[in-house]
There are 2 protein chains.
Amino acid sequence: MVINMGIAERKEKEKQQMRERILETAKRLFIEDGFDKVTIRAIAERIEYSPATIYLYFKDKNEILLALHAEGFERFYKLQQIILPIRDPWKRLREHGRIYISFALENPEYYDLMFIMRGPVRELKAKKEWSAGMRSFEFLKENVKACMDAGYIQRTDLDVAAFAIWSFTHGIASLVIRDRTANFPERLLPEIIEGALDFMMRGILKKNSK
Amino acid sequence: MVINMGIAERKEKEKQQMRERILETAKRLFIEDGFDKVTIRAIAERIEYSPATIYLYFKDKNEILLALHAEGFERFYKLQQIILPIRDPWKRLREHGRIYISFALENPEYYDLMFIMRGPVRELKAKKEWSAGMRSFEFLKENVKACMDAGYIQRTDLDVAAFAIWSFTHGIASLVIRDRTANFPERLLPEIIEGALDFMMRGILKKNSK
DNA sequence: TTAATTTAATAAACATAGTTTAGTAAAAAG
DNA sequence: CTTTTTACTAAACTATGTTTATTAAATTAA
């Protein structure tokens with residue numbers, strides 16, 4: 001009995017380790033060679049198991065993708081934290097916008113997976129898995145609220161205002177990532193983005209405030 | 001000789017007709033059953049030819065998708081025209097935004113193809129094929145310019161301002177279409193969208209105007 | 001009219017995916 | 001030492017885009 005328990009425990013640990021190995025490999029493939037290289041077969045080859053084995057640890061490919069999804073939100077959330085020391089809510093919000101876009105443009109594959117791709121957000125589990133995304137949205141809301149409290153932004157429904165700002169930055173990011181900015185010469189793009197960010201932020205700003 | 005010319009002509013016409021048939025079929029499949037149903041094999045089956053035949057008329061699937069792409073822009077452009085009778089530039093721009101979003105939400109498959117999907121916008125040909133998109137962007141620019149001229153919007157680089165507005169509406173559309181709005185209860189979504197549109201438009205509006 | 005040639009079309013195959021099934025060998029339990 | 005459970009995999013299945021080799025028909029040339 002004592003022995004049995006030990007074996008069961010060890011087996012459980014091994015199972016977890018295998019899951020980890022698969023996820024790690026998926027992540028490495030993703031970062032090194034881009035999203036397209038994350039195939040079940042490619043993962044299997046790297047860990048030197050057969051493709052079928054993967055299915056003993058994950059229901060399907062989607063379940064693996066969700067791990068990358070989560071990883072992306074982790075990075076994203078961490079990066080966002082650097083605005084915390086900024087005292088002035090308005091400056092903080094501005095910086096938040098800038099950081100959002102630079103995360104997207106510097107980690108396009110992650111951003112794509114997190115906010116653009118069809119795959120990884122599933123109908124049923126969506127509510128739970130999307131919680132990582134919600135956390136970031138809540139973070140934005142806090143920031144927006146601080147701006148309202150300080151009189152920088154017209155008081156409006158918080159969800160509405162935050163959604164508007166999110167839509168805007170996401171719009172820029174996704175147009176660039178999915179290559180719909182061919183109208184502009186490549187080299188001008190950075191300053192157009194910067195300009196657009198300015199334009200909108202200036203707009204949101206209440207007129208009588210500084 | 002005269003006969004030969006006639007045959008060559010007829011053959012050319014037949015070739016064009018076949019191209020048309022393929023495109024029509026692709027379009028019908030797309031509208032009836034959604035994007036996923038547009039497979040080479042499905043098209044082939046409908047026109048009662050072998051899949052290989054399609055490749056005698058189109059280089060690859062992308063070339064067929066581009067036709068849907070163009071079709072989408074045609075619809076989009078036509079729909080936009082209904083704002084033309086609106087005299088006041090500001091009201092016109094507001095309505096432009098509303099129409100943009102309702103096109104996206106009522107024709108999500110088209111919108112996706114036009115502004116979100118990776119496939120149909122190709123590296124090299126992009127410049128030419130994207131011209132349909134540019135036309136719509138120019139249309140927006142005219143509208144924005146009218147608002148600046150009438151003093152509704154702070155004078156800014158026209159490309160920058162138009163890009164900002166486009167990014168915003170595209171952001172809303174693409175978040176909804178790609179299902180990143182799970183934070184909000186489904187039934188509230190319409191008013192949140194409406195509210196966000198309001199919020200941003202009110203922002204852009206110059207403070208001393210009306 | 002008949003032979004040679006060009007053209008249109010396709011069957012079959014290839015390549016690449018995700019995924020499932022049936023079977024095997026090793027580990028664990030009895 | 002036998003039975004059962006577990007971990008794993010080879011092979012196959014489905015579905016897709018695409019290519020190749022071949023055939024049948026239409027056209028041209030004799």
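The structure displayed is predicted, hence computed values, not measured ones. Per chain, numbering begins at 1; letters A, B, ... match sequence-line order.
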**Report entry** Distance, rounded to the nearest Å, where B:D60 contributes CG and D:dT19 contributes P
**Finding:** 8 Å
Query raised in the report: Around B:E14, counting heavy atoms of other residues, nucleotides and ligands shown, do more than 12 lie under 6.0 Å from its CD?
Result: yes
Query raised in the report: Given the rule in the ring pair (Phe, Tyr, Trp, His ring centres under 6.0 Å) test, do B:F199 and A:F163 qualify, once you have shown the distances and angles that lead to the verdict?
Result: CA-CA 10 Å; B:F199 177 74; A:F163 177 64; over 10 Å; no
Query raised in the report: Are B:R46 and B:E32 ion-paired here, with the side-chain N under 4.0 Å from a carboxylate O?
Result: yes
**Report entry** Residues within residues 42-50 of chain A bordering DNA chain D, heavy-atom distance below 4.0 Å
**Finding:** A:Y49, A:S50
Report task. Assign A:F58 to base, sugar-phosphate, or nothing according to its heavy-atom contacts below 4.0 angstrom with the strands shown. Result -> nothing
Query - Value in whole Å for how far the C1' atom of C:dA17 lies from CZ of A:F35 - result: 13 Å
Query raised in the report: Rounded to whole angstrom units, what separation is found between the NZ atom of A:K15 and the C1' atom of D:dT6?
Result: 8 Å
Query - Option passing side-chain contact (heavy atoms from CB on, under 4.5 Å) with A:C147 (candidates A:L205, A:I165, A:L93) - result: A:L93
Query raised in the report: Base, sugar-phosphate, or nothing: which does A:T53 touch, judged by heavy atoms less than 4.0 Å apart?
Result: base
**Report entry** Those residues of residues 22-33 of chain A lying under 4.0 Å from DNA chain D by at least one heavy atom
**Finding:** none
Report task. Could you tell me whether A:D198 and A:R94 have a side-chain N and a carboxylate O separated by less than 4.0 Å? Result -> yes
Report summary line: Taken to the nearest whole Å, CD/B:E14 to C1'/D:dA25 is 13 Å
Query raised in the report: Nearest nucleotide by nearest heavy atom, which residue falls closer to the 5' end of DNA chain D, A:R41 or A:L56?
Result: A:L56
Query raised in the report: Do B:F35 and B:M117 come within less than 4.5 Å of each other through their side chains, counting heavy atoms only?
Result: yes
Query raised in the report: When you look at CD of A:E138, are more than 12 heavy atoms from neighbouring residues, nucleotides or ligands closer to it than 6.0 Å?
Result: yes
Query raised in the report: Whole Å only: how far is the CZ atom of A:R21 from the C1' atom of D:dC8?
Result: 14 Å
Query raised in the report: Restricting to pairs with a member in residues 42-61 of chain B, which pass ring pair (Phe, Tyr, Trp, His ring centres under 6.0 Å), not counting sequence neighbours?
Result: none
Query raised in the report: What is the distance from NZ of B:K61 to P of D:dT19, rounded to the nearest Å?
Result: 15 Å
Query - Criterion salt bridge (Lys or Arg N to Asp or Glu O under 4.0 Å) against A:K27, the qualifying member of A:E74, A:E109, A:E71 - result: A:E71
Report task. Using atom OH of B:Y57 as one end and atom C1' of C:dT7 as the other, report the distance to the nearest whole Å. Result -> 10 Å
Query - Rounded distance in Å - NZ (B:K37) to P (D:dT16) - result: 9 Å
Query raised in the report: Side-chain N or O of B:Y55 less than 4.0 angstrom from OP1 or OP2 on C:dA9?
Result: no
Report summary line: The residue, A:A52 or A:D36, whose nearest nucleotide of DNA chain C is more 5′ is A:D36
